[in-house]
Amino acid sequence: MEIIQYEKTYKILKNNCIVFGIYEDENYFSIFHKINKYITYDIKNILKINDWKKNFGKIILLYTDLKSKYNRVILINCGNKNKFCRNSFFSIIKKIFILCQENSIEYIYINISDFQYYKKNIYWKIRNIIDSYTEVFYLFNKYKTEIKKYIFVKKIFIKINIKKHLLDFKKAVFHGLSISKGIKLTKDISNTPSNICTPKYLVKKSHKIFKKYKKNVEVKIFNQEDIKQLGMNAFLTVARGSSQKAYMSIMYYKNKDAINHRPFVLIGKGVTFDSGGISIKSSYLMDEMKYDMCGAASVIGIMKFLAELNLPLNVIGIIGTCENMINGNSYKPGDIISTMSKKTIEILNTDAEGRLILCDILTYVERFNPKIVIDIATLTGSCVATLGNAASGLFSNNKNLAKKIKKASKNINDKVWNLPKFKVYKKYLQSNVADLSNIGEKYAGASTASYFLSYFAKKYKWLHLDIAGTAWNSGKKKSATGKPVTLICQYFLNILKKYKKL
């Protein structure tokens with residue numbers, strides 16, 4: 001897909017449509033004036049028949065006559081002009097793309113000034129257009145033998161009336177398309193079934209992807225013996241019940257002009273299938289436990305974005321990957337295990353395995369003297385129960401870092417919500433036989449899990465994202481969402497903007 005700044009002299013391609021965003025309080029003369037070059041319909045009657053008033057998002061598709069340079073005209077109701085906002089814009093654009101998909105339209109022409117949201121900020125309009133496109137036109141049909149032929153929107157032509165907005169336009173396209181590539185990669189990896197996407201597959205994928213960026217990215221893979229030598233016993237305990245061995249992949253992204261000497265560190269949970277172990281999960285929707293590696297997949301996608309844009313940053317991405325399965329060697333409720341930090345953990349539930357992997361990696365990254373550490377994990381069902389799929393849970397030991405992540409979520413469709421860090425959760429994790437237990441009491445599962453991780457992240461600024469509710473859409477149309485790739489990418493863009501490096 002290409003996004004092109006459209007000028008009057010640009011050649012009009014066939015199988016196209018032109019889009020008009022129209023506010024419900026616009027008078028009929030104003031609407032007719034906009035579109036009378038392309039259609040000869042009685043517009044007043046058309047709008048009346050289609051119940052136009054007070055029907056936000058209503059779309060009318062009109063066919064033009066043979067003399068028109070556009071094949072079709074799309075009218076979309078933008079609602080009340082004074083209430084039009086980012087969510088309105090995102091919803092409108094998504095509806096347009098869905099209509100184009102259903103009608104096999106290949107080329108779209110949009111006058112961006114029709115949409116008054118962010119009137120002075122072309123950048124965010126373009127970014128939202130790209131985000132909507134990425135969501136609507138993503139397909140994962142690699143393992144289908146009968147593939148339906150799809151016609152995608154190939155080019156989007158944007159008309160910009162003010163020349164000084166062109167720089168913002170180009171920047172938005174550059175950033176947006178790079179993020180889109182990271183999201184697609186994340187989704188592709190996440191959607192790959194666990195009989196193919198094994199721990200070994202995942203780390204090999206991380207190595208293969210970055211071969212083309214070897215100038216900036218170095219990948220080191222640690223096998224199970226390497227992990228054992230490091231003393232990451234909690235991590236290896238999770239892997240004990242599987243025939244698949246555990247791995248860790250470290251992706252070093254370096255840029256000679258980097259603004260930071262101390263690295264930003266990203267950690268992704270990569271459980272390629274989670275049966276729950278002896279504390280076995282219900283069979284209902286257990287097929288979706290292939291998505292328990294979405295944190296790892298998102299870290300790979302973010303690293304792809306950094307390499308694609310060649311951003312002046314130093315970032316280390318780490319994925320810890322294994323399966324949580326059941327055999328005679330599986331760890332059991334009541335076991336006491338040691339960690340890389342030497343702390344001991346009483347196992348009360350083998351389905352609380354992600355924190356065991358992460359706690360060792362959080363200890364391991366101390367050696368990098370990191371500027372900040374962000375871990376990303378599909379960690380708790382409790383977070384889903386609390387926030388649904390509306391937002392990822394956020395927990396941090398640094399208010400300023402949390403504030404920056406929340407700021408990054410402001411203009412994108414990738415929200416976060418602060419989880420509390422009350423000291424009472426420390427009491428929940430107490431064990432009378434070990435330093436702490438791996439789960440708390442019956443309630444507040446997302447917060448107690450986060451508090452558990454905080455024990456191992458005391459030597460640096462740290463933030464945890466629980467993406468259990470946002471990483472995939474459930475049910476018959478199950479698919480990974482690619483979150484929180486956009487969020488973390490925007491966090492890095494905001495940092496560089498502050499340093500005037502963009």
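The first residue of the sequence shown is numbered 1, and numbering continues consecutively from there.
- Between the side chain of Ser454 and the main chain of Tyr451, a donor-acceptor pair closer than 3.5 Å is present.
- For the residue pair Asn255/Asn310, the side-chain donor-acceptor check at 3.5 Å is satisfied.
- A 4.5 Å side-chain heavy-atom check between Met293 and Ile189 finds at least one atom pair inside the cut-off.
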Would Leu493 and Arg127 count as a side chain to side chain contact (heavy atoms under 4.5 Å, CB included) if you check the C-alpha gap in whole Å, the side-chain angles of each, and the deciding distance to 0.1 Å?
CA-CA 13 Å; Leu493 289 174; Arg127 281 284 304 277; 4.0 Å; yes
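- Here the NZ-NZ distance, from Lys403 to Lys407, works out to 8.5 Å after rounding to the nearest 0.5 Å.
- Considering only heavy atoms from C-beta on, Ile108 comes within 4.5 Å of Ile110 through its side chain.
- Asn216 places a side-chain N or O within donor-acceptor distance of the main-chain N or O of Lys254, the cut-off being under 3.5 Å.
- Checked options Lys155, Lys154, Lys14; the residue passing with Glu106 is Lys154 (criterion: salt bridge (Lys or Arg N to Asp or Glu O under 4.0 Å)).
- Using a 4.5 Å heavy-atom threshold, the side chains of Phe169 and Ile3 count as touching.
- Relative to the six-membered ring of Phe115, Lys125 misses at least one condition, a distance below 6.0 Å or an angle of at most 45° to the axis.
- Under a 4.0 Å N-O distance rule, the pair Glu135/Lys94 qualifies as a salt bridge.
- Checking Asn103 against Arg72 by side-chain atom types alone, no donor-acceptor pair falls below 3.5 Å.
- Of the inter-residue distances, the one linking Ser206 atom OG with Ile319 atom CD1 reads 4.5 Å to the nearest 0.5 angstrom.
- Remark: of the listed residues Leu202, Ile196, Asp292, Leu202 is the sole one forming a side-chain contact (heavy atoms from CB on, under 4.5 Å) with Thr272.
- Side chain of Thr64 to backbone of Tyr70: a donor-acceptor contact under 3.5 angstrom is found.
- Counting only distance, with no hydrogens or angles, the side chain of Asp466 and the backbone of Thr380 share a donor-acceptor pair below 3.5 Å.
- With hydrogens and angles ignored, the 3.5 Å screen pairs no side-chain donor or acceptor of Ser91 with any backbone N or O of Asn87.
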Where do Tyr253 and Phe210 land on the ring-ring contact (aromatic ring centres under 6.0 Å, His included) test, with the steps shown first?
CA-CA 10 Å; Tyr253 172 80; Phe210 294 106; 8.9 Å; no
What's the verdict on side chain to side chain contact (heavy atoms under 4.5 Å, CB included) for Phe264 and Ile495, showing C-alpha distance, side-chain angles and the deciding distance?
CA-CA 11 Å; Phe264 297 96; Ile495 290 170; 3.8 Å; yes
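- Looking at residues two or more places apart in sequence or on another chain, you find a side chain to side chain contact (heavy atoms under 4.5 Å, CB included) between Phe152 and Tyr133, Phe137, Leu139, Tyr150.
- Under the rule for a side chain to side chain donor-acceptor pair (under 3.5 Å), Glu24 has no partner lying at least two apart in sequence or in another chain.
- Counting all heavy atoms, side chain and backbone alike, Ser88 lies closest to Lys83 at OG-O, 3.9 Å.
- Between Ile158 and Ile156 there is a side-chain heavy-atom pair separated by less than 4.5 Å.
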Run the numbers on Val173 and Lys170 for side chain to side chain contact (heavy atoms under 4.5 Å, CB included), then give the verdict.
CA-CA 5 Å; Val173 171; Lys170 290 176 182 177; 5.8 Å; no
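- Aromatic pair Phe452/Tyr425: centroids not less than 6.0 angstrom apart.
- Counted by atom type alone, Asn397 and Lys421 present zero donor-acceptor pairs between their side chains at under 3.5 Å.
- By the 6.0 Å contact criterion, NZ on Lys415 is enclosed, its count of non-hydrogen atoms from other residues, nucleotides or ligands being greater than 12.
- Lys478 and Glu288 are not joined by a salt bridge, as no carboxylate oxygen comes within less than 4.0 angstrom of a charged side-chain nitrogen.
- Side-chain contact between Asn71 and Cys17 is absent, with no heavy atoms from C-beta onward closer than 4.5 Å.
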Taking it one step at a time, do Ile372 and Val265 satisfy side chain to side chain contact (heavy atoms under 4.5 Å, CB included)?
CA-CA 6 Å; Ile372 61 103; Val265 176; over 6 Å; no
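- In this structure, Val315 and Met303 have side chains that are in contact, with non-hydrogen atoms separated by less than 4.5 Å.
- Between Lys58 and Trp52, the shortest heavy-atom contact is O-CZ3, 3.8 Å.
- In this structure, NZ on Lys184 lies 10.0 Å from NZ on Lys187, to the nearest 0.5 angstrom.
- Geometrically, Lys81 engages Tyr23 in a cation-pi contact defined by less than 6.0 Å to the ring centre and at most 45° from the axis.
- Side-chain contact between Ile405 and Ile488 is present, with at least one heavy-atom pair separated by less than 4.5 Å.
- The minimum heavy-atom distance linking Leu309 with Ser178 is given by the pair CD2-OG, 3.2 Å.
- Side-chain polar atoms of Tyr499 and Asn260 form no donor-acceptor pair below 3.5 angstrom.
- Between Ala307 and Val217, the shortest heavy-atom contact is CB-CG2, 4.0 Å.
- For Ser180, the side chain to side chain contact (heavy atoms under 4.5 Å, CB included) partners at least two apart in sequence or on another chain are Ile130, Thr134.
- Going from atom CD1 of Ile93 over to atom CD1 of Ile126 covers 9.0 Å, rounded to the nearest 0.5 Å.
- Side-chain N/O atoms of Lys304 and Tyr213 include a donor and acceptor closer than 3.5 Å.
- For the residue pair Asn191 / Tyr143, no side-chain donor-acceptor distance below 3.5 Å is found, with atom types taken as modelled.
- Between the side chain of Thr448 and the backbone N or O of Gly445 there is at least one donor-acceptor pair closer than 3.5 Å.
- Rounding to the nearest 0.5 angstrom, the gap separating the CG atom in Leu362 from the CG atom in Asp375 is 5.5 Å.
- Closest approach of Lys483 and Ser298 over heavy atoms only: O-CB, 4.3 Å.
- Taking the side chain as every heavy atom from C-beta outward, Val19 and Tyr109 never approach each other to under 4.5 Å.
- With no hydrogens or angles considered, a side-chain donor-acceptor pair links Ser392 and Thr470 at under 3.5 Å.
- Between the side chains of His175 and Tyr123, at least one donor-acceptor pair of N or O atoms lies under 3.5 Å.
- Atoms SG and CG, from Cys383 and Leu394 in turn, are 10.0 Å apart once rounded to the nearest 0.5 Å.
- Remark: aromatic rings of Trp462 and Phe456 are distant, center separation not under 6.0 Å.
- Crowding of Lys281 atom NZ: a count of heavy atoms from other residues, nucleotides or ligands under 6.0 Å exceeding 12.
- The 12-atom threshold is not exceeded at NZ of Lys54, counting heavy atoms of other residues, nucleotides or ligands nearer than 6.0 Å.
- No donor-acceptor distance shorter than 3.5 angstrom exists from the side chain of Ser104 to the backbone of Cys100, with no hydrogens or angles considered.
- Side-chain N or O atoms of Thr378 include none that pairs as donor or acceptor with a backbone N or O of Ala468 at under 3.5 Å.
- Here the side chain of Asp168 pairs no donor or acceptor atom with the backbone of Ile122 at under 3.5 angstrom.
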